[in-house]
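Below, read A as the first sequence line, B as the second, and so on, with proteins coming before strands; counting in each chain starts at 1.
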2 protein chains.
Amino acid sequence: MAQTSLASNSATPKKHSFKQQQLLFREAAILDTVNQLLSQKGFDLMTMDEVAANVGIAKASLYKHFVSKEALAAASMARLLEHALDVMANLPEDDSSLDKLKAIVRWSVSTHLQGTMPLLPSTRSTIQSALQNHAPYMDCLGRLVEQLGAWIQQAQSSGELSADLPGEVMLYTIFARSCDPVADFLKQGGAFTDQEITEMIVRTTFQGMMG
Amino acid sequence: MAQTSLASNSATPKKHSFKQQQLLFREAAILDTVNQLLSQKGFDLMTMDEVAANVGIAKASLYKHFVSKEALAAASMARLLEHALDVMANLPEDDSSLDKLKAIVRWSVSTHLQGTMPLLPSTRSTIQSALQNHAPYMDCLGRLVEQLGAWIQQAQSSGELSADLPGEVMLYTIFARSCDPVADFLKQGGAFTDQEITEMIVRTTFQGMMG
DNA sequence: GTCTATACGAGGATAGAC
DNA sequence: GTCTATCCTCGTATAGAC
């Protein structure tokens, strides 16, 4: 199956590069659609018919690219985490750890508001077990947790974040902002721009409602 | 239908009180089960078969009490909001507005952790429209929003909460704690008691991770 | 590897006896 | 108003032609 989507290996360079390019392009288009739908409706309410219709291909063709709905969602999530890692790797080096943590929350909420954040956390969904068996996803997640954990520790050491609040709690709190319904409610209210909403959530995440 | 579950009116006091008692008792049992299932799996993943099985009655009997799955969930939600209003009405009068707001968040998270909080917010679910057409729910919600809004304004006036953060944002932030996945993650981790988790979430909600 | 057509199961809701 | 048995729709997944 084309599920892992590896590029051509060095032994046979460019042998089928055009076909492969086309394949990857098609799969990227599928995953873009899946990202949107996962963001709008979540895994359980997203249907394969819908995905196929939005991409503009037949449902059966979808199953040639991804073996199941779970695999499709997992691929989408893995790509999102790769994107997150990329964002994190490209933050200004002279930013403090706290600044970097704020930046990743800003990116999460902003992505969520744009409708392309496939609901990372959310316990109570049937994908969770599928994700844990999806190596690419788990690999990215591990690296992401490691990096965020390091920044949290540094921010605690330097006094930018409270030293007496478990880092675990902070990690989950930051993660949870990616699926925070507050953003949806505020956007639905229509009184604020996406940027204003993002900044207010970043603020309440780090300073609460008293600071 | 017995959907509104009003007690016997004053014109015919106790005429069928025993039967009615039994009816209300049965319906309360159903709603207890629904609360648990909504808390564990959410609306979309909860099945009527499951509800019937857990209550110990046939599925068809369920439909004698509630006309649809949506009506069932709406009744469950309405009862929860009534409960919340009750908790709010019985807070110590000499508590400050901020204390009261903290108390309601504490109650929300605690209820969530106990597994009896039927996921209030959560956009992306099919119940939302049904809830908006359910008068008892909307009525309770209105009163709840009014009371919380008043407390927020008072806390802002007294300087307990930031005056430059829109009250709307605070309201939603408080609401969102009832379905915060952070609580689930921390509970799953097993490193903290429910009470510890609750207090940490109350803290981060109001003081953020820096305070 | 794309399509049309279809198998199959799950789940919401109902029929009709008691 | 409780039950058993059933209907019907929807959604995942597959068969098989091109």
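Look at NZ on K64(A): it is 12 Å from C1' on dA17(D), rounded to the nearest Å. dG1(D) atom C1' lies 10 Å from atom CD1 of I57(B), rounded to whole Å. Put simply, CG on L62(A) is 13 Å from C1' on dG11(D), counting in whole angstrom units. Atom pair F66(B):CZ and dG12(C):P shows a separation of 15 Å (rounding to whole Å applied). Atom CG of D44(B) is separated from atom P of dT12(D) by 13 Å (rounded to the nearest Å). For the pair I127(A) CD1 and dT12(D) P, the interatomic distance rounds to 13 Å; values are reported in whole Å. Going from atom CD of E50(B) over to atom C1' of dG12(C) covers 14 Å, rounded to whole Å. Rounded to an integer number of Å, the gap from CG of L24(B) to P of dG1(D) is 11 Å.
Distance from the side chain of L23(B) is smallest for dG1(D) among the nucleotides dA13(D), dG12(C), dG1(D). For M48(A), the side-chain atoms get nearest to dT12(D) when compared with the rest of dT2(C), dG12(C), dT12(D). Checked against dT2(D), dT14(D), dT2(C), the side chain of R26(B) finds its nearest nucleotide in dT2(D). Ranking dA13(D), dG12(C), dC3(C) by closeness to the T47(B) side chain, first place goes to dG12(C). In this structure, the nucleotide among dG12(C), dT12(D), dC3(C) sitting nearest to the side chain of D49(B) is dG12(C). With distances taken from any side-chain atom of K59(A) to the nucleotides dA13(C), dT4(C), dT12(D), the minimum falls on dT12(D).
A salt bridge is absent between K102(A) and D99(A): the closest approach of a Lys/Arg side-chain nitrogen to an acidic carboxylate oxygen does not fall below 4.0 angstrom. Of the charged side-chain nitrogens involved, at least one lies within less than 4.0 Å of a carboxylate oxygen, so that D49(B) and K59(B) count as a salt-bridged pair.
By the neighbour-count criterion of 12 heavy atoms within 6.0 Å, atom CD of Q195(A) is sparsely surrounded, having that number or fewer from other residues, nucleotides or ligands.
Here S61(B) lies in heavy-atom contact (under 4.0 Å) with a base.
Nearest-nucleotide positions on DNA chain C for A60(B) and K69(B) put K69(B) closer to the 5' end.
Between V105(A) and T205(A), the closest heavy-atom pair is CG1-OG1, 4.4 Å.
The closest donor-acceptor contact from the side chain of K69(B) to the backbone of M46(B) lies under 3.5 Å.
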